[in-house]
Amino acid sequence: MLRQIDAARLPRHVAIIMDGNGRWARNRHLPRVAGHRAGISSVRAAVETAARLHLPALTLYAFSTENWKRPESETSFLMRLLRRYLRDELSELQENNIRLQAIGRISELPEAVRDELRSTCQATASNTGTVLSLALNYSGRTELVDTFRLLAERVRRGELAPEAIDEQLIGAGLFTRGLPDPDLLIRTSGELRLSNFLLWQIAYAELWVTNTLWPDFRAKHFYQAILDFQSRDRRFGGLSDEPHAE
Ligand code: FPP
């Protein structure tokens, strides 16, 4: 499958909604958290694949602002798992030249997680390969609220005219500033929802949904998604390059 991929038409940014950990565990009569633990191997596979393909950006939806509604035992497990991931994967991130960043309301995460994030982000800050963004305590709507508040504040101080607010300025206020918008959004476990993920940035993303549950997601699924993406006719609201009848 890798050989079929056209290296000249790769997505510049792939975003993934990692879903189905709970169902994967239930199917095996295991506690839900076993699904999250198993999902780490899929995170590793996705990161390695993005690096192998030299994708400029990969964004993973790891924890939404809504995920705090889950039982405390599950949210604290996810926070511990995240810390362990950051500690255990540093050498892997370095070998793959990955630059890690976190997007979301990071200041509201537990201090131990923030410390681990800060040190892993700093350690990988000069890497020049794929930018791996972990969306943590993230929601697309809160990201837009935060961005609009900052712009409103600049208008209030007289530094910015309302007419000067355009798509570029809003994009520059988002957590994903500096990254291209996702070309491809992958969701596992078959759900046909966006779940408040990168709402502004995915305006023209191609969507690819697989029934595969996240802990079963491997490089071959990533390749499938990219091959499907490369078969799409992306028009961005215009017309395709095919000849058109007048
Ligand atoms: C959705 O499955 C998954 C999550 C809410 C957490 C995602 C976390 C991981 C993949 C592991 C940790 C990640 C990192 C980057 C360290 P779900 O629990 O909603 O599954 P369900 O819909 O089947 O219940």
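Just so you know, residue 1 is the first one in the sequence shown, and it goes up from there. Quick note: numbers below take in every heavy atom, side chains included, and nothing from hydrogens, waters or symmetry partners. Ligands are counted one by one from 1 in listed order, and the atoms in each one are counted from 1 as well.
- The minimum heavy-atom distance linking Asn127 with Leu93 is given by the pair ND2-O, 4.0 Å.
- Counting the atoms of ligand 1 from 1 in the order shown, those under 4.0 Å from a heavy atom of Gly22 are 17 (P), 18 (O), 20 (O), 21 (P), 23 (O), 24 (O).
- In terms of protein heavy-atom proximity, atom 7 (C) of ligand 1 is nearest to Ala62 O, 3.5 Å.
- In this structure, Arg26 is not positioned above the aromatic face of Trp24 in the sense of NZ or CZ being under 6.0 Å from the six-membered ring centre and within 45° of the axis.
- Residue pairs that meet the salt bridge (Lys or Arg N to Asp or Glu O under 4.0 Å) test with at least one member in residues 159-170, sequence neighbours left out, are Arg157-Glu159.
- Checked by distance only, ligand 1 and Tyr61 stay at 3.5 Å or farther apart across all their nitrogen or oxygen atoms.
- Closest non-hydrogen pair, Ile17 versus Leu194, comes out as CD1-O, 3.5 Å.
- Arg83 and Asp115 are not joined by a salt bridge, as no carboxylate oxygen comes within less than 4.0 angstrom of a charged side-chain nitrogen.
- For residues 171-185, the pairs satisfying salt bridge (Lys or Arg N to Asp or Glu O under 4.0 Å) are Asp183-Arg234, with sequence neighbours left out.
- Pairing each heavy atom of Val47 with each of Leu58, the nearest pair is CA-CD2, 3.9 Å.
- The aromatic rings of Tyr61 and Tyr138 sit perpendicular to each other, their planes meeting at more than 60°, with 30° as the lower class boundary.
- For atom 24 (O) of ligand 1, the closest heavy atom belonging to the protein is Arg32 NH1, 2.9 Å.
- Taking only non-hydrogen atoms, the option from Glu74, Arg23, His36 nearest to atom 11 (C) of ligand 1 is His36.
- When only interatomic distances are considered, the shortest N/O to N/O separation between Asn21 and ligand 1 falls below 3.5 Å.
- Contact between Ser189 and ligand 1 is absent, with no heavy atom of the residue lying under 4.0 Å from the ligand.
- Looking at Trp214 against ligand 1, only its side chain comes within 4.0 Å, counting heavy atoms.
- If you number the atoms of ligand 1 from 1 as listed, the ones under 4.0 Å from a heavy atom of Asn67 come out as 5 (C).
- The shortest heavy-atom distance from Arg70 to ligand 1 is under 4.0 Å.
- What sits closest to atom 13 (C) of ligand 1 on the protein, heavy atoms only, is Val43 CG2, 4.2 Å.
- Annotation: atom 1 (C) of ligand 1 to nearest protein heavy atom, Met18 O, 3.2 Å.
- Distances from atom 12 (C) of ligand 1 to the heavy atoms of Asn27, Leu82, Val33, Ile40 show the closest one on Ile40.
- The pair Glu153-Arg156 meets the salt-bridge criterion, with a side-chain N (NZ, NE, NH1 or NH2) lying under 4.0 Å from an Asp/Glu carboxylate O.
- Taking atom 15 (C) of ligand 1 as the reference point, the nearest protein heavy-atom neighbour is Leu134 CD2, 3.9 Å.
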